[in-house]
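Just below is one structure, and these are the notes that go with it.
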Amino acid sequence: MYVEDIIKQIKVNYPDQREFHQAVQEVLISLAPAIAKHKKYQDYAILERMIIPDREIIFRVDWVNDRGEIQVNTGYRVEFNSAIGPYKGGLRFHPSVNIGIIKFLGFEQVLKNSLTTLSLGGGKGGSNFDPKGKSDAEVMRFCQAFMNELYRHIGAHTDVPAGDIGVGAREIGYLFGQYKKITNRFDGVLTGKGLNWGGSLARPEATGYGCVYFAQEMLKERGESLSGKTCTVSGSGNVAIYTIEKLYQLGAKPVTASDSKGMIYDENGIDLGLLKEIKEYKRESLEEYAKIKPKCKYIKISDYKEGTNAVWNIPCFAAFPSATENELNLCDAKNLLQNGCKCVSEGANMPSTLEAIDLFLKSKICYGPGKAANAGGVAVSGLEMAQNASMHSWDFESVDNHLRSIMENIFVKSSETAKEFGDPTNLVLGSNIAGFRKVADAMIEQGV
Ligand code: GLU
């Protein structure tokens, strides 16, 4: 009753925040056995307090485009929970960004960061600004204007933003430069920084590599591996690219990638060098990949079978949703299972709908929910903070080894917690309860 009441309450209080309802519902339903077992969580009104951010900051961002016209966007930073560390989480620049999206991401981030075992609270921010099609100078002016407000809310021990969709090395550079101009401080106030000015090796690779390490752990428990297997990947940003790279390193064959306009299916395996050139350096559409590789199949979004994502219709052993929220629905989940998929490891945040997750759990395939499987990115952000604080930088191998052991640890903890609550293959339940307990206990110990 307690859990259901809270879910009802957020739907009534925030009727338009659909993605936030979805994220809360997924978590709270799986927390029910832990709440029933430990009465203290209800006595201390932990759920009521955890679903409301500590602070929601919304601001106007005015900037001038290359034609001299004044543009107006909205900026957000939602500081969700700092029970176990400073607020930590990315910034998303995408036209779909609104307060409901930022709250869903911030809520997920609290539990994800807890799972990493590092001392990181949860937050998220961003803007409805679309970097796509903008010049470097426009992106710079937008980032500077965004930081003109954000700087007063962040700090190495307060709130440490990073990247997310639409925010990569270029944007972090402009944001950091402006922060430094305003405050005259060189602080580890953002992560995902450039290597010459406080960034960590393996941070760009971390989310993708971590997601594949997580899949490896899930499969290892069942005596399986990725070697020699066909895999599908959605997206073509940082997460997808380094998922593909790690899959190749492990002897698997990734055959798909996608963007906002369509998807590519390269039966012999995605040409990673070409993908990087088109997406990382030229910022072009995947259609360009298909033009250069005529044997590769390109399907435009408008040609996808209605209500499905064409990526999930390609037969595979393991699938890595690495694009965005709700990119994999019940129909897609059915397609994957019918085609023999045995493992889904989520590089994106909340890529599967609630119905798709239910089906994955019922089918008992290996299913790694985003907040566990994609925690490698923020984990290496935590390692970047540790390097900044100690004024040392670690070599690639050290960071990568740390990342691998963090991912192993997240799997073990999620799996042990799932076993403790009698549902051994349910890593949704396992990761949600494991992440939740640490934050909730800290809140109780720190008083009201
Ligand atoms: N945006 C990433 C995430 O969803 C990384 C956040 C960070 O590094 O702070 O976890």
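Here the structure is a predicted model, which means the values were calculated and not measured. First listed ligand is number 1; within each ligand, the first listed atom is number 1.
Ion pairing between a basic and an acidic side chain is recognised when a charged N comes within 4.0 Å of a carboxylate O; R92 and E19 show no such pairing. Comment: K371 engages E26 in a salt bridge, judged by a side-chain N to carboxylate O separation of less than 4.0 angstrom. Here D400 pairs with R404 in a salt bridge; the nearest charged N to carboxylate O distance falls below 4.0 Å.
Note that SG of C341 is 12.5 Å distant from CD1 of I314, once rounded to the nearest 0.5 Å. Atom CG of L111 and atom OG1 of T116 lie 11.5 Å apart (nearest 0.5 Å).
Note on ligand 1: G163 sits in its first shell, one or more heavy atoms being nearer than 4.0 Å. Residue contacts with ligand 1: Q109 is included, with a non-hydrogen atom under 4.0 Å away.
Between F176 and F186, the ring center distance clears the sub-6.0 Å criterion.
Residue contacts with ligand 1 for N349 involve side-chain atoms from C-beta outward but no N, CA, C or O (heavy atoms, distance under 4.0 Å). Counting heavy atoms under 4.0 Å from ligand 1, residue K124 touches it through the side chain alone. At a heavy-atom distance under 4.0 Å, no atom of E108 approaches ligand 1.
A cation-pi arrangement is present between K134 and F129 under the rule of less than 6.0 angstrom and at most 45 degrees off the ring axis.
Ligand-side atoms of ligand 1 in range of A162: 7 (C), 8 (O), 9 (O), range being under 4.0 angstrom from any heavy atom. Against a heavy-atom cut-off of under 4.0 Å, S381 is close to the following atoms of ligand 1: 7 (C), 8 (O), 9 (O). Of all the atoms in ligand 1, the ones that sit under 4.0 Å from a non-hydrogen atom of G89 are 9 (O).
In terms of protein heavy-atom proximity, atom 5 (C) of ligand 1 is nearest to R203 NH2, 3.5 Å. Scanning all protein heavy atoms for the shortest distance to atom 3 (C) of ligand 1 gives K112 NZ, 3.3 Å. Atom 6 (C) of ligand 1 has G90 N, 3.6 Å as its closest protein atom, hydrogens excluded (heavy atom only). Protein heavy atom in closest approach to atom 9 (O) of ligand 1: K88 NZ, 2.7 Å.
With sequence neighbours excluded, the residues that form a salt bridge (charged side-chain N to carboxylate O under 4.0 Å, His left out) with K276 are E245.
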